[in-house]
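Okay, so here's the structure we're looking at.
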Amino acid sequence: MELLPTAEPGRVRAVVAGLLRARRGLAVAAFGVLVGATAAGLLTAPLLGHVVDLVADGRPPSALTTPVVLLVLIAVVQGVLTAYGVSLVARLGEGMLAELRERFVERALRLPLDRVERAGSGDLTARVTADVSIVAEAVRRALPQLARSGLTIGLTLVGLAVLDWRFFVAALLAVPIQAHTVRWYVGRAIPLYAKQRVAVGAQQQQLLDTVGGAATVRAFRLGDRHVGLVAARSEETVSLALRAIRLMTRFYGRLNVAEYVGLSAVLIVGFLLVRADAVTIGTAAAAALYFHNLFTPINIALALADDAQVAAAGLARLVGVADMPAPPAPRIPAPRPASDTGRPAPPVAHVDGAVKVAGLGHQYVAGHPVLHGVDLDVAPGERVALVGASGAGKSTVAKLVAGVHHPTAGTVTIGGTLVDEFATGRTVALVTQEVHVFAGRLDDDLRLARPSAPDKELRDALAMVGALEWAEALPDGLATVVGEGGHKLTATQAQQLALARLVLADPPVAVLDEATAEAGSAGARVLEEAAARALDGRTALVVAHRLTQAATADRVIVLDAGRVVESGPHKELLTADGPYATLWTAWSATR
Amino acid sequence: MGVLGRAVAGQWRYVAVAAVLGAGHQAGEALVPVVIGVVIDEAVSTGDSNALLFWIAVLAVVFAGLSASWRFAARAAERAAERAGHDVRVGITRRVLMPRGGAETGRLAGALASIATSDARRVGMVNTVLPAGTAALSGILVTAVALLRISVPLGLLVLLAAPPVLWAGHLLGSRLERRSAVEQERAAHASGVAADLVAGLRVLKGIGAEGAAVARYRRTSQESLAATLRAARTQAWHDGALLTLTGVFIAAVALVGGRLAARGDISVGELVAAVGLALFLLGPLQLLAWVNGQVAQGRASAARVADVLAAPPLLSSGNARPHEVLGRVLVNGVTHGPLRDLRLEVAPGELLGVVAADPAAATALLECLARTADPAAGTVELDGIPLSTLDPAEVRVVILPAAHDAELFEGTLSDNVAAAARAGRIPGAMAASAADEVAATLPDGGDTVLAERARSLSGGQRQRVALARALAADPPVLLLHDPTTAVDAVTEARVANGIRELRRGRTTVIVTTSPALLAATDRVVVVTDGAVVAEGRHADLVRSNADYRATVLS
């Protein structure tokens with residue numbers, strides 16, 4: 001395992017700074033408006049203090065009208081400016097987030113497949129779901145709150161200093177306690193919350209395992225064991241949640257101490273200043289109100305400290321991928337020229353479908369080669385079946401020819417060009433047993449293979465793989481939402497869809513690996529017919545599991561332990577009395 | 001008692017402690033502005049330093065009290081919530097796995113898992129919500145008493161005006177919130193699309209559709225951004241409106257309080273305290289609104305939990321235990337799904353192949369044979385006893401259905417095979433299913449951990465491990481459904497032979513169209529249009545029956 005890179009904190013700052021620079025005007029406006037809003041809000045306490053002073057001075061009640069009208073005015077100004085400022089902050093933060101996540105997804109989708117596999121499929125998925133949503137959540141909730149709280153705290157301290165600098169000093173007494181508390185808390189909270197997230201994930205995984213496999217659990221009478229597994233995972237999350245709440249209550253307990261120290265200090269300073277006639281009672285009252293009003297924003301800002309740390313870690317993982325070196329610029333796709341389907345010829349060089357494999361060798365783990373010097377020539381339009389026992393190297397050959405892995409020795413050329421230099425999938429497409437139905441409309445799914453295809457082409461492709469009938473019978477026809485959260489397609493239908501995408505992508509060379517393995521034996525035949533039509537007119541390399549696939553191919557290549565041991569048409573090999581003939585006899589023992 | 005009631009009752013001690021201490025905390029918070037007012041009146045206005053020290057000490061006591069009460073209230077509430085959630089979670093798991101089944105009917109695994117996590121948590125949350133509610137009421141009560149003691153008219157003004165202020169904010173907010181919920185849902189869509197594209201990464205690479213996928217994601221992301229901004233704007237204006245309302249409310253309190261103070265009805269310190277209390281009061285009122293929302297969510301979650309727990313069992317009848325099992329299986333006039341009055345007999349120890357061109361018929365037959373469902377009409381008998389009279393848990397002891405989509409579980413390959421194995425049967429089962437070859441290719445052999453439901457294995461490897469597990473369980477009656485569809489032809493022949501040798505003398509039914517497996521059976525029956533239309537040895541059927549040839553050998 002070699003996880004995808006994580007960016008250094010300095011690099012993350014640079015990227016964020018870069019995103020900010022691109023929105024300098026917006027950032028300045030957002031900051032300015034929020035400062036205005038906060039400053040307006042801070043006028044409330046001195047005005048209330050003024051009311052107190054008017055009363056203490058024994059002024060008539062009518063004197064109160066002006067400060068009260070001002071209070072109403074301030075309330076309106078503060079409300080409007082806050083709303084506007086927070087909207088601007090959202091525009092700033094969300095815009096940056098959208099740009100970053102688009103850069104991230106673009107780079108993620110273009111990563112070489114072997115790089116993704118080395119990191120484990122979970123790594124990229126976790127970044128694209130958990131990390132993106134953690135950062136988004138921070139931008140959505142924490143950022144506006146943090147901006148407002150921070151400004152309130154800062155400007156309140158300024159306000160205290162304006163009332164009298166000694167109030168400011170008194171309020172600062174709370175700061176060392178708060179700073180220490182935050183350091184104390186963050187050091188403990190981050191590892192604990194990380195553990196908690198892992199435990200919650202494990203519990204979710206166990207539940208999916210147990211509930212998703214309920215039929216299997218019942219069949220093998222594993223119910224008690226699985227209840228025990230779920231209970232154990234659940235206990236783990238409970239105990240971590242209790243540890244987290246203990247930590248949190250201690251955190252707030254310490255903050256209470258800071259509140260008390262600061263409030264007492266401000267009250268004592270007020271007492272001393274009033275006694276010395278340095279300030280009025282109203283000013284002392286305003287200072288006390290100021291400080292009392294700080295409790296909430298300080299709690300909000302400090303409680304966001306660990307959110308911010310978690311978001312920073314997520315951000316580092318996003319930037320790490322977004323910063324990965326770009327793969328070499330894909331060459332212009334080279335589909336076939338106009339065929340008899342009447343499609344206009346794309347303005348690119350013609351690439352014929354001749355596949356030439358020379359001296360191909362590969363090892364996934366150093367020192368464990370799985371292929372040894374495989375040579376293979378496939379003529380344009382020829383259909384070749386790869387046959388062999390599991391582990392013989394069939395799938396490896398398929399992946400190397402399709403260009404999703406890079407050989408450790410030897411070369412693969414298509415139409416005379418090295419496979420590496422193609423945008424994989426344009427010249428050669430790979431369809432594997434891993435079927436994925438993209439969430440969304442069925443026609444959108446198909447258009448991934450050919451974005452500009454009109455409806456008629458989609459229908460033609462579906463008809464070619466025998467899927468048009470069921471597709472049109474779906475609740476909304478081709479507009480039906482399928483995949484995760486939508487209409488669930490059967491394994492056979494999903495595989496037909498994969499073949500329809502192949503037809504639409506229309507590459508001169510196609511590689512099929514176990515494309516019909518998962519559908520059960522009844523579905524397999526439907527798919528074999530669909531595959532045969534989809535491969536019509538293409539150079540095809542088919543990894544054959546059912547020997548019928550081999551029997552209908554132009555040529556059969558038998559692999560054993562990473563070497564080609566036999567090659568020739570089905571009929572010839574049957575009479576050759578070699579490994580293929582043995583295989584065939586085993587399979588069709590009764591023919 | 002309902003699900004929520006049980007959740008509270010099971011933890012009532014902790015809930016009660018949290019409620020009492022939470023009330024103490026809110027009362028303490030309400031007292032802080034009162035004490036500030038007293039300090040201004042008794043110390044700041046008079047210059048009496050003894051009074052100052054006394055009241056600063058009182059403030060210390062108030063802070064110590066509110067801090068300690070909150071600490072232990074929060075811990076007790078969290079414990080009650082987590083324990084109640086845990087109980088619900090385990091209860092749902094137990095119900096889903098009950099041998100009589102029925103809980104999964106009409107529910108996807110993901111939905112059930114989410115009921116066992118999110119909904120269980122929400123049900124548990126009622127144990128933090130109830131104490132929070134009593135705490136809020138206590139805060140409101142203390143504030144009310146303090147305000148009314150300062151001045152009856154001022155107290156009434158605050159107490160009567162505060163709820164409408166919040167209510168007006170809520171009215172304004174709820175209309176906006178409905179709109180913003182829709183927007184937020186659309187905003188969340190982008191993350192779903194990205195995850196989906198990454199999940200299909202191999203497919204995208206296979207057809208070179210990365211560019212199209214990136215373009216699609218950009219579009220979704222931009223739509224999502226627009227929706228998020230609309231939602232954020234709505235939220236911002238709502239917050240701004242609430243801020244203005246609060247400010248106007250405080251201005252009103254200042255006006256009335258100031259006039260009262262100017263007339264000498266209340267002291268200056270009381271005016272300060274009244275303003276502080278008016279601001280504080282919004283806190284418990286908002287808490288009360290939150291409690292209200294949480295209770296509504298908790299109710300909805302509890303209803304979903306109750307639905308699962310009370311789901312009618314799929315197999316309602318039967319309490320008997322089977323006697324000694326010979327393994328004679330009789331399907332007598334069964335009508336179920338596509339099956340029409342199907343009759344079929346399996347002799348003790350026979351290896352029977354069943355060919356059904358219609359996958360739905362194959363599944364229906366296996367359901368009846370395994371009694372994972374009861375047929376609409378007709379009976380399935382084991383050694384002359386109808387399965388419907390047997391306890392479903394007992395049926396599981398004697399009849400093992402090995403489904404073609406059986407799951408492998410987290411753990412090592414060996415753990416999976418040994419999960420239900422009879423003593424000493426594992427090596428034979430590993431060899432017969434060719435799972436030993438799978439183990440040999442893995443880095444740590446049989447001790448290799450199979451991640452993510454064995455997604456690291458190929459389809460054929462998974463099938464062989466699943467088959468090894470079924471063979472190792474060595475049940476009196478074994479039902480195999482398409483066990484080798486993804487296994488290569490060489491290995492399939494070996495597996496067919498292995499099954500035959502290992503199951504010799506024990507009843508085995510293989511539902512398949514694979515010629516390699518059928519060739520190894522004692523007898524084959526062909527099910528077409530829901531009934532048995534042909535039977536005989538595989539070789540004979542291949543020779544004599546054109547339809548059979550078409551189904552099996554095409």
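These numbers come from a predicted model, not from an experiment. Convention: sequence-line order gives letters A, B, ...; per-chain numbering from 1.
- Between B:Arg218 and A:Glu102 there is a salt bridge, with a side-chain nitrogen of the basic residue lying less than 4.0 Å from a carboxylate oxygen of the acidic one.
- Of the atoms belonging to B:Val96, heavy atoms from both backbone and side chain fall under 4.5 Å from chain A.
- For B:Thr246, no part lies under 4.5 angstrom from a heavy atom of chain A.
- A heavy-atom distance below 4.5 Å is not found between the side chains of A:Leu448 and B:Glu210.
- Contact of B:Ala362 with chain A is not made at all, since no heavy-atom distance falls under 4.5 Å.
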Starting from the C-alpha separation in whole Å, work towards a yes-or-no answer on side chain to side chain contact (heavy atoms under 4.5 Å, CB included) for A:His436 and B:Asp196.
-> CA-CA 9 Å; A:His436 181 86; B:Asp196 188 55; 3.0 Å; yes
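- Between atom OG1 of residue B:Thr228 and atom CD of residue A:Glu94 there is a gap of 5.0 Å, rounded to the nearest 0.5 Å.
- The candidate from B:Ala403, B:Gly101, B:Ala60, B:Ala64 with the greatest count of non-hydrogen atom pairs under 4.5 Å with chain A is B:Ala60.
- Residues B:Ile40 and A:Ile281 are in side-chain contact: their nearest non-hydrogen atoms beyond the backbone lie under 4.5 Å apart.
- For the pair B:Ala251 and A:Val68, the tightest heavy-atom approach, listed with the atom from each and the gap, is O-CG1, 3.8 Å.
- Here B:Ile92 contributes atom CD1 and A:Thr210 contributes atom OG1; the two are 13.0 Å apart, rounded to the nearest 0.5 Å.
- For a residue to count as touching a neighbouring chain, one of its non-hydrogen atoms must lie under 4.5 Å from one of that chain's; by this rule B:Ala194 touches chain A with backbone and side chain alike.
- Residue contact with chain A, scored on non-hydrogen atoms closer than 4.5 Å, involves the backbone and the side chain of B:Ile56 alike.
- Residues B:Glu78 and A:Met248 form no side-chain contact, since every pair of their non-hydrogen atoms from C-beta on lies 4.5 Å or further apart.
- Among B:Ala103, B:Ala215, B:Ser49, the residue making the largest number of heavy-atom pairs under 4.5 Å with chain A is B:Ser49.
- Smallest separation of non-hydrogen atoms from B:Ile36 and A:Ala288: CG2-CB, 3.9 Å.
- By number of non-hydrogen pairs under 4.5 angstrom with chain A, the leading residue of B:Ser221, B:Ala261, B:Ala402 is B:Ser221.
- Here the OH-CD distance, from B:Tyr217 to A:Glu106, works out to 11.5 Å after rounding to the nearest 0.5 Å.
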Walk me through it: do B:Phe63 and A:Val257 pass the test side chain to side chain contact (heavy atoms under 4.5 Å, CB included)?
-> CA-CA 8 Å; B:Phe63 262 96; A:Val257 173; over 6 Å; no
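- Taking a cutoff of 4.0 Å between a charged side-chain nitrogen and a carboxylate oxygen, B:Arg83 and A:Glu235 qualify as a salt bridge.
- Contact of B:Leu59 with chain A is made through backbone and side chain together, with heavy-atom distances under 4.5 Å.
- Interface residue B:Gln222: backbone and side-chain heavy atoms are both found under 4.5 Å from chain A.
- Of the atoms belonging to A:Arg59, it is backbone heavy atoms, and not side-chain ones, that fall under 4.5 Å from chain B.
- With a threshold of 4.5 angstrom between heavy atoms, A:Val80 approaches chain B through its backbone and through its side chain.
- With a 4.5 angstrom heavy-atom cutoff, B:Val397 touches chain A via backbone and side-chain atoms both.
- Both the backbone and the side chain of A:Asp444 come within contact range of chain B, each with at least one heavy atom under 4.5 Å from a heavy atom of that chain.
- Proximity to chain B (any heavy atom under 4.5 Å) is restricted, for A:Ala215, to the backbone atoms N, CA, C and O.
- The contact between A:Val437 and chain B is made entirely by backbone atoms, counting heavy-atom distances below 4.5 Å.
- Remark: the A:Thr432 side chain and the B:Arg202 side chain contain no N/O donor-acceptor pair separated by less than 3.5 Å.
- Only the side chain of B:Glu104 comes within contact range of chain A, judged by heavy atoms closer than 4.5 Å.
- Minimum interatomic distance between A:Asn256 and B:Ser67 (heavy atoms only, all atoms of both residues): OD1-OG, 2.8 Å.
- A 4.5 Å side-chain heavy-atom check between B:Val32 and A:Leu263 finds at least one atom pair inside the cut-off.
- A:Arg275 touches chain B through its side chain: at least one heavy atom from C-beta onward sits under 4.5 Å away, while N, CA, C and O do not.
- Annotation: cation-pi pair B:Arg469/A:Phe220 present, NZ/CZ under 6.0 Å from the ring centroid and within 45° of its normal.
- A donor and an acceptor atom, one from each side chain of A:Ser87 and B:Arg233, are nowhere located under 3.5 Å apart.
- Across B:Met98, B:Arg494, B:Glu437, the residue that shares the most heavy-atom pairs under 4.5 angstrom with chain A is B:Met98.
- Distance check: B:His86 NE2 to A:Thr237 OG1 gives 8.5 Å after rounding to the nearest 0.5 Å.
- Here B:Arg396 is the residue among B:Arg94, B:His481, B:Arg396, B:Arg263 with the most heavy-atom pairs under 4.5 Å with chain A.
- Of the atoms belonging to A:Leu222, it is side-chain heavy atoms, and not backbone ones, that fall under 4.5 Å from chain B.
- The candidate with the highest count of non-hydrogen atom pairs below 4.5 Å against chain B, out of A:Val217, A:Asn293, A:Thr82, is A:Val217.
- Within the 4.5 angstrom heavy-atom criterion, atoms from both the backbone and the side chain of B:Ala470 approach chain A.
- B:Thr372 does not touch chain A: none of its heavy atoms, backbone or side chain, sits under 4.5 Å away.
- In this structure, A:Ala284 and B:Val44 approach most closely via the heavy-atom pair CB-CG1, 4.1 Å.
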Test side chain to side chain contact (heavy atoms under 4.5 Å, CB included) applied to B:Leu97 and A:His226, step by step | CA-CA 9 Å; B:Leu97 298 181; A:His226 273 257; 3.8 Å; yes
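- If you measure heavy-atom distances from A:Thr249 to chain B, the contacts under 4.5 Å come from both the backbone and the side chain.
- For a residue to count as touching a neighbouring chain, one of its non-hydrogen atoms must lie under 4.5 Å from one of that chain's; by this rule B:Leu279 touches chain A with the side chain only.
- At a 4.5 Å heavy-atom cutoff, the contact between A:Val230 and chain B is made by side-chain atoms alone.
- One distance of note links CG of A:Leu124 with CG of B:Leu201; it measures 6.5 Å at 0.5 Å rounding.
- Annotation: the span from B:Leu243 atom CG to A:Ile74 atom CD1 amounts to 12.0 Å, rounded to 0.5 Å.
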Please lay out, stage by stage, how B:Thr117 and A:Leu207 fare under the test side chain to side chain contact (heavy atoms under 4.5 Å, CB included).
-> CA-CA 8 Å; B:Thr117 49; A:Leu207 273 165; 3.3 Å; yes
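- In this structure the side chain of B:Pro401 never reaches within 4.5 angstrom of the side chain of A:Arg218, judged on heavy atoms.
- Highest contact tally toward chain A, considering only B:Gly200, B:Ala420, B:Gly247, B:Ala113, is held by B:Gly200 [criterion: heavy-atom pairs under 4.5 Å].
- At a 4.5 Å heavy-atom cutoff, the contact between B:Ser45 and chain A is made by backbone and side-chain atoms alike.
- Across B:Ala254 and A:Leu48, no two heavy atoms sit closer than the pair CB-CD2, 3.6 Å.
- Both the backbone and the side chain of A:Arg91 come within contact range of chain B, judged by heavy atoms closer than 4.5 Å.
- Only the side chain of B:Leu271 comes within less than 4.5 Å of a heavy atom of chain A; its backbone N, CA, C and O stay farther away.
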